[in-house]
Protein chains: 2
Amino acid sequence: MTERKRQILQSAQAVLKMKGYAATSVRDIAKSLEMEPASLYSHFSSKEDILKLTCFDMASKFDRAIQEINTLYFDAEQQLRMAIKEHVQILTSHLDSAIIFLRDWRNLTGESLSKFIEKRNSYEKGIRKIIQTGIDEGRFNESDIKFATLTVLSSVNWIVEWYSPQGKLNPTQIAEKLSDFILSGLIKNKL
Amino acid sequence: MTERKRQILQSAQAVLKMKGYAATSVRDIAKSLEMEPASLYSHFSSKEDILKLTCFDMASKFDRAIQEINTLYFDAEQQLRMAIKEHVQILTSHLDSAIIFLRDWRNLTGESLSKFIEKRNSYEKGIRKIIQTGIDEGRFNESDIKFATLTVLSSVNWIVEWYSPQGKLNPTQIAEKLSDFILSGLIKNKL
DNA sequence: ATTTGCCTAACGAACGTTAGTTTGTATTTT
DNA sequence: AAAATACAAACTAACGTTCGTTAGGCAAAT
């Protein structure tokens with residue numbers, strides 16, 4: 001990936017974030033770069049190519065993070081805190097891509113779509129594994145694992161809807177607050 | 001609204017739910033009804049009209065629910081449990097509309113868009129008010145209210161991504177689980 | 001001399017929408 | 001009871017626009 005291509009991709013993502021992939025035209029993207037629509041095809045093979053790069057780039061970031069955490073021998077609470085922190089970090093430091101990744105992946109087609117879903121499920125499984133460990137350790141409440149996993153992921157993912165780099169909470173603080181909130185729902189009362 | 005119009009709207013929503021508003025054409029909608037695209041215009045003035053009806057119909061359902069709850073003199077915990085239960089009930093009993101409402105509202109334009117955002121903020125304010133009451137009553141942890149509100153709404157809204165009428169949890173059970181989870185994060189430890 | 005990055009021009013397809021008409025079904029008038 | 005009217009809901013045909021994309025060329029950088 002050349003420097004120029006990365007530059008164009010970034011600008012494209014900034015535009016896609018605003019109106020969504022389907023409602024954004026190649027001409028919209030070109031205009032933001034002050035270039036002709038056709039010129040984009042010197043760098044990308046199709047509009048969907050831009051979506052693919054964005055989605056799979058983000059997916060692999062999440063993949064790398066969860067895989068690393070899963071190899072560490074911390075207890076479930078620490079693992080979950082780390083996972084949330086990494087997750088928030090990735091989302092907030094690539095906000096444009098993150099929004100597209102979370103919202104527009106459905107516009108992928110064919111093999112790309114199924115591969116993406118597979119990656120997504122694999123990540124979800126990584127989170128679920130941590131929660132399962134917490135239950136096995138006797139630290140987390142026994143509850144519907146799938147339910148717990150999805151609730152965790154939803155509250156974490158939703159931050160892209162309101163996070164602003166200018167806001168009063170930085171990513172680390174957000175991750176801490178979120179972890180406290182989530183863990184209070186998972187951890188057994190120490191009575 | 002005639003019976004036929006309601007019927008068409010419902011069929012349109014089933015199609016829109018699949019690919020999203022922007023990626024769905026008027027011809028797609030017509031095909032699902034086995035009619036000609038032009039015929040839709042006997043019932044709707046535009047494609048966006050369908051989106052408008054869907055979004056504002058859902059918005060008013062939520063609006064009605066929160067307003068009623070806010071007039072009841074229960075304590076904050078009970079109010080929040082009721083609000084969550086109503087919210088889940090609305091989402092799950094109008095799943096197609098709910099998905100469109102949550103995902104596609106950004107495709108509204110002009111005055112519709114700003115009015116919608118206004119309604120959305122007003123609902124959010126209703127939830128926030130309940131949480132604030134809980135803090136004032138000394139029952140909920142003092143925390144960033146906006147943060148708490150958004151986390152509550154995110155975990156509730158995300159259920160449309162995985163809820164199925166055939167699943168093992170019914171809406172009431174989901175609402176209870178979700179309430180327990182959320183309230184364990186809000187309520188002060190009774191030490 | 002070759003490559004890179006962008007251009008102009010234009011393609012065919014799909015888009016949302018309009019105009020005008022037909023059809024079937026109630027309702028009213030003869 | 002039969003004929004005339006009104007209306008709703010669908011149709012056919014087509015409009016102008018925008019869509020993603022391709023072909024081919026030109027100028028600057030390597």
Side-chain angles (χ1 to χ4, degrees), chain A residues 1-56 96 100 103-113 116, chain B residues 1-56 96 100 103-113 116:
Chain A
M1 177 120 64
T2 68
E3 185 51 41
R4 178 63 178 148
K5 181 167 179 179
R6 203 181 304 277
Q7 190 178 108
I8 290 175
L9 190 56
Q10 210 156 13
S11 191
Q13 287 161 347
V15 181
L16 289 173
K17 157 189 79 173
M18 309 283 284
K19 302 204 299 176
Y21 175 79
T24 303
S25 70
V26 172
R27 285 166 178 82
D28 290 335
I29 295 170
K31 185 170 284 180
S32 82
L33 286 149
E34 293 178 286
M35 66 190 326
E36 295 302 314
S39 306
L40 289 170
Y41 288 81
S42 299
H43 302 275
F44 303 96
S45 65
S46 68
K47 185 190 174 190
E48 188 174 347
D49 194 27
I50 295 175
L51 181 62
K52 262 190 265 184
L53 278 169
T54 304
C55 288
F56 282 94
D96 293 349
I100 297 164
R103 183 191 57 195
D104 292 332
W105 63 268
R106 288 163 220 272
N107 294 104
L108 292 169
T109 60
E111 200 184 341
S112 295
L113 180 59
F116 180 86
Chain B
M1 175 122 62
T2 68
E3 186 51 42
R4 179 61 177 148
K5 182 167 179 178
R6 204 180 304 278
Q7 191 178 106
I8 291 175
L9 190 56
Q10 210 155 14
S11 191
Q13 286 162 348
V15 181
L16 288 173
K17 157 189 82 172
M18 308 284 283
K19 301 204 301 175
Y21 175 79
T24 304
S25 70
V26 172
R27 284 165 178 85
D28 289 335
I29 295 170
K31 185 169 285 181
S32 82
L33 286 150
E34 294 179 286
M35 67 189 329
E36 295 301 315
S39 306
L40 289 170
Y41 289 82
S42 299
H43 302 275
F44 303 95
S45 66
S46 67
K47 185 188 171 191
E48 189 174 346
D49 194 28
I50 295 175
L51 181 61
K52 264 190 264 185
L53 278 168
T54 305
C55 289
F56 282 94
D96 293 350
I100 297 164
R103 184 191 56 194
D104 293 332
W105 62 269
R106 288 163 219 271
N107 293 105
L108 292 169
T109 60
E111 201 183 342
S112 295
L113 180 58
F116 180 86

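Chain identifiers are assigned alphabetically (A, B, ...) following the order of the sequence lines, protein sequences preceding nucleic acid strands; residue numbering begins at 1 within each chain.
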*Quick one: which of D:dA9, C:dG5, D:dT21 gets closest to the side chain of B:S42?*
D:dA9

*Which nucleotide in the list D:dG20, C:dT17, D:dA9 gets nearest to the side chain of B:V26?*
C:dT17

_Please give me every residue in residues 27-41 of chain B whose heavy atoms get under 4.0 Å of an atom in DNA chain C, ordered by residue number._
B:R27, B:A38, B:Y41

Provide, to the nearest angstrom, the distance between the [atom1] atom belonging to [X] and the [atom2] atom belonging to [N].
| X | N | atom1 | atom2 | value |
| --- | --- | --- | --- | --- |
| B:I50 | C:dG16 | CD1 | P | 10 Å |
| B:R4 | D:dA8 | CZ | C1' | 12 Å |
| B:Q7 | D:dA8 | CD | P | 17 Å |
| B:D49 | C:dG16 | CG | C1' | 13 Å |
| A:E48 | D:dG20 | CD | P | 12 Å |
| B:K5 | D:dC7 | NZ | C1' | 17 Å |
| B:F44 | D:dA8 | CZ | C1' | 15 Å |
| B:M1 | D:dA9 | CE | P | 13 Å |

*Minimum-distance pair of heavy atoms, taken over all atoms of B:C55 and B:F116*: CB-CE1, 3.7 Å

*Check whether NZ of the Lys or CZ of the Arg A:K47 lies under 6.0 Å from the centre of the six-membered ring of A:Y21 and within 45 degrees of that ring's axis.*
yes

*Does OP1 or OP2 of C:dA14 have a side-chain N or O of B:S25 closer than 4.0 Å?*
no

*Check whether any side-chain N or O of A:H43 sits under 4.0 Å from OP1 or OP2 of C:dC6, and answer yes or no.*
yes

In chain order, what residues pass the side-chain hydrogen bond (donor to acceptor under 3.5 Å, both in side chains) check against [X], with sequence neighbours excluded?
| X | value |
| --- | --- |
| B:T109 | B:E48 |
| B:S11 | B:S32 |
| A:S25 | A:D28 |
| B:D96 | B:K17 |

*Quick one: CD1 on A:I8 to CE on A:M1, what's the gap to the nearest 0.5 Å?*
11.0 Å

*Looking at CZ of A:R4 and CG of A:L9, how far apart are the two atoms once the value is rounded to the nearest 0.5 Å?*
11.5 Å

*Is atom NZ of A:K5 surrounded by more than 12 heavy atoms (other residues, nucleotides or ligands) closer than 6.0 Å?*
yes

*asked:* To the nearest 10°, give me the bend of the helix from C:dA1-D:dT30 to C:dT30-D:dA1, comparing the axes of its five terminal pairs at either end.
replied: 0°

*Select base, sugar-phosphate, or nothing to describe what A:T2 touches, counting heavy atoms under 4.0 Å on all strands.*
nothing

